[in-house]
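Working notes, beginning with the structure itself.
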Amino acid sequence: MADSRNGDTYVIDVMKFISRTRALYAHWNEHIADIWGSADALAVATHPATNDLRYLKSSALHIWLLGYEFSDTIMVFSSKQIHFLCSKKIATLLEVVKQPAHDELGIDVVMHAKAKGDDGNGPMDAVLRAIRDGKESQVVGHIAREAPEGKLLEKWTERLTNAKFQFQFVDITAGLSDLFAAKDGTEIINVKKAAYLASSVMKNVVVTKLEKVIDEERDVTHSLLMRLTEKAILDPTKAGVKLKPECVDICYPPIFQSGGKFDLKPSAVSNDDLLAYDLGSIIICAVGARYNSYCSNVARTYLIDATNLQSKAYEVLLKAHEAAINAMRRGRKLSSVYQAALSVVEKEAPELVDKLTKSAGTGIGLEFRESGLNINARNDKVLRSQMAFNVSLGFQNMECESKKKKFSLFLADTVIVKDEDPEILTGKCSKLVTDVSYDKEEKPCRKKARRTSGPESYFINKTSLRSYNNNNNNNNHVVSKDELRMRNQHQAELARRKNEETVRRLAGDGSSGSTAKTSTDSVAYKNVNDVPQPRDLMMMIQVDQKKEAVLLPIYGSMVPFHVSNQQDSTRNNYIRIIFSVITLKNQGAIYLKEVTFRCKDSKRSSEVVQAIKTLRRQVNARESERIERGTLVNQEKLQLAGNKFRPLRLSGLWIRPQFSGRKRVPGALEAHANGFRYSTTRPNERVDVLFANVKHAFLQPAEKEMLTTLHFHLHNHIMLGNKKTKDVQFYVEVMDAVQSLGGGGRRSSPSAYDPGEILEEQRERDRKNKINVDFNHFATRVSALEFEQPLRELGFSGVTDKARVFIVPTSSCLVMLTETPVLVVSLSEVEIVNLERVVFGQKYFDMAIVFKDFKKDVLKINAIDTSYLEGIKKWLDAIDIKYYESKANLMWRPILKRITDDPQGFIDDGGWEFLNLERSDSEPEESDQGYEPPDAEDESESEDEDSESESERTKKKKKRTTEEEKSKKKY
């Protein structure tokens, strides 16, 4: 919230201060008796600046409210005032919140600035009088566990304790903890970025380093590994992460433990012992990273030539850890989360119950361990949506079979509580047995496909879908039996969950009737006197551009008709005007169906018809735009950055959809306080995109494309010129499309070594790199949005509209942004995926994406090369999307209509399982296993049966296929 622009200059985000101060007072008033100790005033003091890494509630409150921790500052909250006792420099920075707090909240912010070297005794008197508020006794809330440090805080504590007024002190730690527990959108983004950094460091730095050390049998101490990992956190580029280094920090010094000495407490440290990786060794690694002061944590255990006991214990721990994560649902108690893990251990390995840690983690956010949110058997606090937790579980002090040394196991992940399934933020780093086990006699186990909940799971392996074709010619890629078994089990579980989810959604889906649009009569003139008189004595057809009417001479009078109710045509010298069919409202009125006029001058008739057509086209365009605008959702106004700060700006951008007009001009995109503004040099070409209306934001650098793109997929439509759209794209062409007339591509053979052309290509590469860097810099500095980047290595080609395009996944979508119309599919809105025309020997197959909203048409991606099939299955399974296969294309509109008309019948028939080919193929057929031929059988009959066996088998196969199609046609 505080933006460091130049050196030590900090800017307070006033809007965040207002919204969070409002939330603080609302929470205080609502829970004043139960968790705020009935406090009449809140007094919070921050300690002097220090280089020590520690987590304090006072610091968290400062960062939450102001975006920065101001040291040696006292804050006092009363019912109508907020007092700051601080240095003059800090008081100057905080002046910006005074007027907005008064206008928006009705709260006066009072500054008490003390000079340098002053003990603050004088300003403290004014603050104490404000706390008293004219009452004899006041209850003052403070943070009891934070002892005063420094002269100012010690003096403040002394004055507060020995005041002439009678103060009663209560601890407000529980109130602050509950206030910080549920995160807002900005906080969730910060936690996600911190978790992404932590898991990337674990995967790309820690695991890589461990494998190298073990392969080369080098001697490395735990403390050295700790220092190398800490450097990678502070410099995210070492882990392949594009985050601003000034925004990141460590949560704690990274922890490395091995050799039988293990401490599973968060206060554990990496000692100077050598890393042990002999037979039966256990290595525990823990990495904690912060982004904008918000914490995340990930811990993994690696097994070196594990014994049977170690492997079994790890499998039990993994199941218990996943059970704890899956139990984190809104409305459940924290004790039930721990009980879910304990139940797994009691069932799978009762002898290990006493080895299980007594806690399954804590809340996480501005503090690494948020007090009051400990996941144990005694905590009955209820989980709320948008809470963040460090879910950590382990077995400690277990004895090996030889009983010569002890070992421990430990796992930890950062998890966000959602309305439905929890979101694992550190799932990028695998914890499957196959991925954490190391066999020294063979090659180390590399990352394999694994299963994590949430759309970010395809960051897991970054395995190119195309590799199945590159590495296995003729589509001979063979999936291992274990991988196929695990995938089938997971898909079966997804099918069960998906059917239950569909039942709940259909049961709560009320049918709402569509509202019919009402049309109003078009009126050209309000009374007869407004009708213009003929220009001359000749009665001729006239077109009134201003009133949008056509005046026809009928029985000696000029009769006006609004242009929107007419159709016209001309042939030879005749003008024929056909009127729209209308509802008869006035029984006594006369209605015209059509009228024909004869004109002596054919040129005059053509001019009249052309004028009518032009006017009608303008009126229809205006009415269409009016109707489109009437369906738009009202949005807040764009708050411009103002004169103090220059907005972030990208120049020379084109926009899609483009503004109306033949000649296009480039424009500039600016990032303001609550959204973007794109404008060109023309005054009427401007569009605003608000942060709150952005559903998905994408940054696609030019790799194999000729465009670098910023794309915004919106929640609600906006008007771009006179067009309504939900997708807005800003792009730059990094190079021109060049086609060599002589053949041979961009550089034909005669000019292959032309120095001028080589220099031109180098300039184009430099320009492309510069544009990509500028776009990336712009996206990273817009902290209000999280830009997703398409992953080309997971992409596949298919036909979405008319041409073949390259479609790629992102962290939460499936997109195609290079051609129009663009494709943006939110994976959270997908019900199931059906892979159609999957037949052995077929070159292409189709993908049908069914949405949770059955009113939306099924999205078809056609003509996908079969070399992508296994990769797409693997990706869909990794992101928890249930997929089916069919041999033919299905008619989805009648299927979805039957489901919505009869949801109970759909469930009674097995839900989506009617699409399951494996179930259809496994149905029992007529068996001839018990058939015994008669003793006397002549050779002729045997030959006849042999000749008919092939035809019989063909008939049976056709019959089975027909029955399968009938079962599908039922829906």
Between Glu351 and Lys312, does any NZ, NE, NH1 or NH2 come within less than 4.0 Å of an OD or OE carboxylate oxygen?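 The answer is yes: the pair qualifies as a salt bridge.
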
Does the pair Arg300/Asp413 count as a salt bridge with the N-to-O cut at 4.0 Å?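 Yes, Arg300 and Asp413 are salt-bridged.
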
Worked verdict on Glu322 versus Val344 for side-chain contact (heavy atoms from CB on, under 4.5 Å): CA-CA 10 Å; Glu322 291 180 345; Val344 172; over 6 Å; no

Rounded to the nearest 0.5 Å, what separates atom [atom1] in [X] from atom [atom2] in [Y]?
{"X": "Lys192", "Y": "Glu786", "atom1": "NZ", "atom2": "CD", "answer": "6.0 Å"}
{"X": "Ile188", "Y": "Met387", "atom1": "CD1", "atom2": "CE", "answer": "11.0 Å"}
{"X": "Arg487", "Y": "Glu870", "atom1": "CZ", "atom2": "CD", "answer": "5.0 Å"}

For the residue pair [X] and [Y], establish whether any side-chain heavy-atom pair is separated by less than 4.5 Å.
{"X": "Ile284", "Y": "Phe262", "result": "yes"}
{"X": "Ile416", "Y": "Lys418", "result": "yes"}
{"X": "Leu275", "Y": "Phe256", "result": "no"}
{"X": "Phe410", "Y": "Ser392", "result": "yes"}
{"X": "Asp880", "Y": "His490", "result": "yes"}

Looking at Arg54, I'd like to know if its CZ atom is crowded, meaning that more than 12 non-hydrogen atoms belonging to other residues, nucleotides or ligands lie closer than 6.0 Å. yes

Test: ring pair (Phe, Tyr, Trp, His ring centres under 6.0 Å). Region: residues 318-349. Which pairs qualify, not counting sequence neighbours?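 Counting only pairs at least two positions apart or across chains, no ring pair (Phe, Tyr, Trp, His ring centres under 6.0 Å) contact touches residues 318-349.
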
